[in-house]
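In what follows, a single structure is set out as structure tokens and then discussed.
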2 protein chains.
Amino acid sequence: MQQLLIQIRQFSTISNETEELLHNCFEQVVYPKNHQLVTEAAVCRHLYFVEKGALRGYYTLDGKEITHWFGFENDFVTSFHSFITQEPAVENIQLLEGSILWSISKDTLTSLFNNHPEIERIVRIAYEKYYIRLEERYVNAQFKTAAERYEQLLNDSPHILERVPLGQIASYLGISQETLSRIRSRL
Amino acid sequence: MQQLLIQIRQFSTISNETEELLHNCFEQVVYPKNHQLVTEAAVCRHLYFVEKGALRGYYTLDGKEITHWFGFENDFVTSFHSFITQEPAVENIQLLEGSILWSISKDTLTSLFNNHPEIERIVRIAYEKYYIRLEERYVNAQFKTAAERYEQLLNDSPHILERVPLGQIASYLGISQETLSRIRSRL
DNA sequence: GAAACTTTTTGACAAACATCAAAACTCAAC
DNA sequence: GTTGAGTTTTGATGTTTGTCAAAAAGTTTC
């Protein structure tokens with residue numbers, strides 16, 4: 001729980017009262033490797049903070065699994081589209097390792113928004129950061145070659161490469177596993 | 001100004017007092033075609049609402065201009081990365097048509113955040129919507145063929161095709177102008 | 001309406017990447 | 001150490017898209 005609060009303090013200064021509140025609203029959950037946290041077509045009602053572990057978000061296209069993000073320690077994860085709209089998710093979230101998560105429900109978060117402007121601010125700032133990161137990834141995905149994207153991943157997030165099978169990394173980079181293998185042999 | 005308030009009411013219910021406040025904080029600006037609203041390497045200090053007109057955001061890569069978004073009536077536009085962080089922009093924003101915009105400065109918005117939680121909420125919800133849209137575009141860009149992306153654009157935003165030269169649309173779709181021309185001749 | 005300019009299309013060829021199939025490697029279980 | 005499942009690499013071939021160059025179509029200006 002300390003770890004979660006430290007992370008939140010990086011978004012915005014928060015009062016002791018609010019910290020206390022968050023303490024009561026997040027609940028620890030522990031799941032084993034390969035557990036399915038969110039399933040396609042179900043509504044995702046929780047937001048999770050990763051204390052320890054690794055997850056991936058993926059969906060199915062032409063019968064193939066496409067991994068489009070990974071989550072590790074100190075990340076907030078959920079199926080954002082489903083969590084925000086409360087419509088059925090189009091993606092799955094699966095644990096890559098046994099993980100310790102902290103969970104808050106959509107309803108609890110909504111009531112926090114209504115009673116505590118400080119929380120609204122934290123989330124607004126969190127979105128700003130996530131938005132900027134997504135924007136950067138978008139530009140990379142569309143306008144750089146596969147080899148450049150791989151090298152960028154190598155620079156920015158080497159931990160992903162160590163904890164995730166090659167096939168999932170390839171689909172994350174938007175290329176086939178064979179192409180990724182060839183890029184690596186060239187370096 | 002009415003148009004701006006109508007748009008904001010779609011994010012969240014707002015009090016008359018807050019509407020009054022917004023009225024005082026946004027300022028109308030009018031610029032001619034080809035005006036450069038934001039320039040690479042300068043800090044972007046304003047957020048704009050488009051009452052009438054068309055804009056594009058683009059940056060330069062290997063000497064070529066890459067258009068990565070278009071803005072039209074009722075959109076909020078800015079160089080989000082620069083506006084949020086107040087670091088120099090990496091992109092340019094240019095008017096595709098003479099346009100009527102409503103502008104608010106970063107400083108004014110910050111003081112609104114500090115004094116009016118209602119405004120914080122509007123912006124938090126706006127970010128949610130923008131985030132979801134960006135996520136969808138990201139998935140499209142990476143995992144669909146050029147022809148599929150073009151057909152999607154044709155379905156979702158035919159107005160873009162009518163108001164923007166082909167070369168800019170091609171770079172928006174992440175393909176060369178020649179490829180786009182060939183896709184169109186096939187349909 | 002001819003000249004000058006811009007935008008779009010077409011053609012020939014090269015590069016990047018996907019697909020299918022098979023081989024090599026890794027590693028846990030016996 | 002051998003077996004077998006899972007993962008990664010290699011090889012051969014085809015598709016998609018990019019690049020360069022030129023032709024065609026569309027616009028603006030005088």
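Below, chain A is the first sequence line, B the second, and so on; all start at residue 1. The analysis underlying the following values was restricted to heavy atoms, covering all of them including side chains, and did not include hydrogens, waters or symmetry mates. Since the model is a prediction, treat every value here as computed from it, not as a measurement.
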Short side-chain N/O contact from [X] to OP1 or OP2 of [N], under 4.0 Å:
| X | N | answer |
| --- | --- | --- |
| A:Lys64 | C:dT19 | yes |
| B:Ser176 | D:dT17 | no |
| A:Ser181 | D:dT9 | yes |

Q) Under the 3.5 angstrom rule, does the side chain of A:Arg149 hit a backbone N or O of A:Leu173 as a donor-acceptor pair? A)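 At least one qualifying donor-acceptor pair exists.
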Q) Between the main-chain N or O of B:Thr39 and the side-chain N or O of B:Asn92, is there a donor-acceptor pair closer than 3.5 Å? A)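 The answer is no, because no donor-acceptor pair under 3.5 Å joins these two groups.
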Of all the nucleotides listed ([options]), which has the minimum atom distance to the side chain of [X]?
| X | options | answer |
| --- | --- | --- |
| B:Ile175 | D:dT9, D:dT17, C:dG11 | D:dT17 |
| B:Pro165 | D:dA21, D:dT17, C:dT8 | C:dT8 |
| A:Leu166 | D:dT17, D:dT9, D:dT10 | D:dT9 |
| B:Thr179 | C:dC17, D:dG18, C:dT10 | D:dG18 |
| B:Gln177 | C:dT10, D:dT17, C:dT8 | C:dT8 |

Could you tell me the separation between the [atom1] atom of [X] and the [atom2] atom of [N], rounded to a whole number of Å?
| X | N | atom1 | atom2 | answer |
| --- | --- | --- | --- | --- |
| A:Glu148 | C:dA16 | CD | P | 11 Å |
| B:Ile183 | D:dT16 | CD1 | C1' | 10 Å |
| B:Leu173 | D:dG18 | CG | P | 10 Å |
| B:Gln142 | C:dC17 | CD | P | 12 Å |
| B:Phe143 | D:dT16 | CZ | P | 19 Å |
| B:Leu180 | D:dT19 | CG | C1' | 16 Å |
| B:Lys33 | D:dT28 | NZ | P | 8 Å |
| A:Arg184 | C:dA24 | CZ | P | 19 Å |

Q: Give a yes-or-no answer on whether the side chains of B:Glu135 and A:His81 include a donor-acceptor pair shorter than 3.5 Å.
A: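 Absent: no donor and acceptor within the cut-off.
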Q. Can we say A:Glu120 and A:Arg124 salt-bridge, meaning some charged N sits less than 4.0 Å from an Asp/Glu carboxylate O?
A.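 A:Arg124 and A:Glu120: not salt-bridged.
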Q.
Does B:Arg182 reach a base, just sugar-phosphate, or nothing at all? Heavy atoms under 4.0 Å.
A.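 Base, at least one base heavy atom under 4.0 Å.
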Q: Classify the side chain of B:Glu178 and the base of D:dC20 as holding, or not holding, a donor-acceptor pair under 3.5 Å.
A: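 Counting by modelled atom types and ignoring angles, a donor-acceptor contact under 3.5 Å is found here.
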Q) Closer to the 5' end of DNA chain D via nearest nucleotide, is it A:Val164 or B:Thr145? A)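 Here A:Val164 is the residue nearer the 5' end.
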Q: Would you confirm whether the ring centroid of B:His46 sits within less than 6.0 angstrom of the ring centroid of B:Phe83?
A: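 No: the rings miss the under 6.0 Å criterion.
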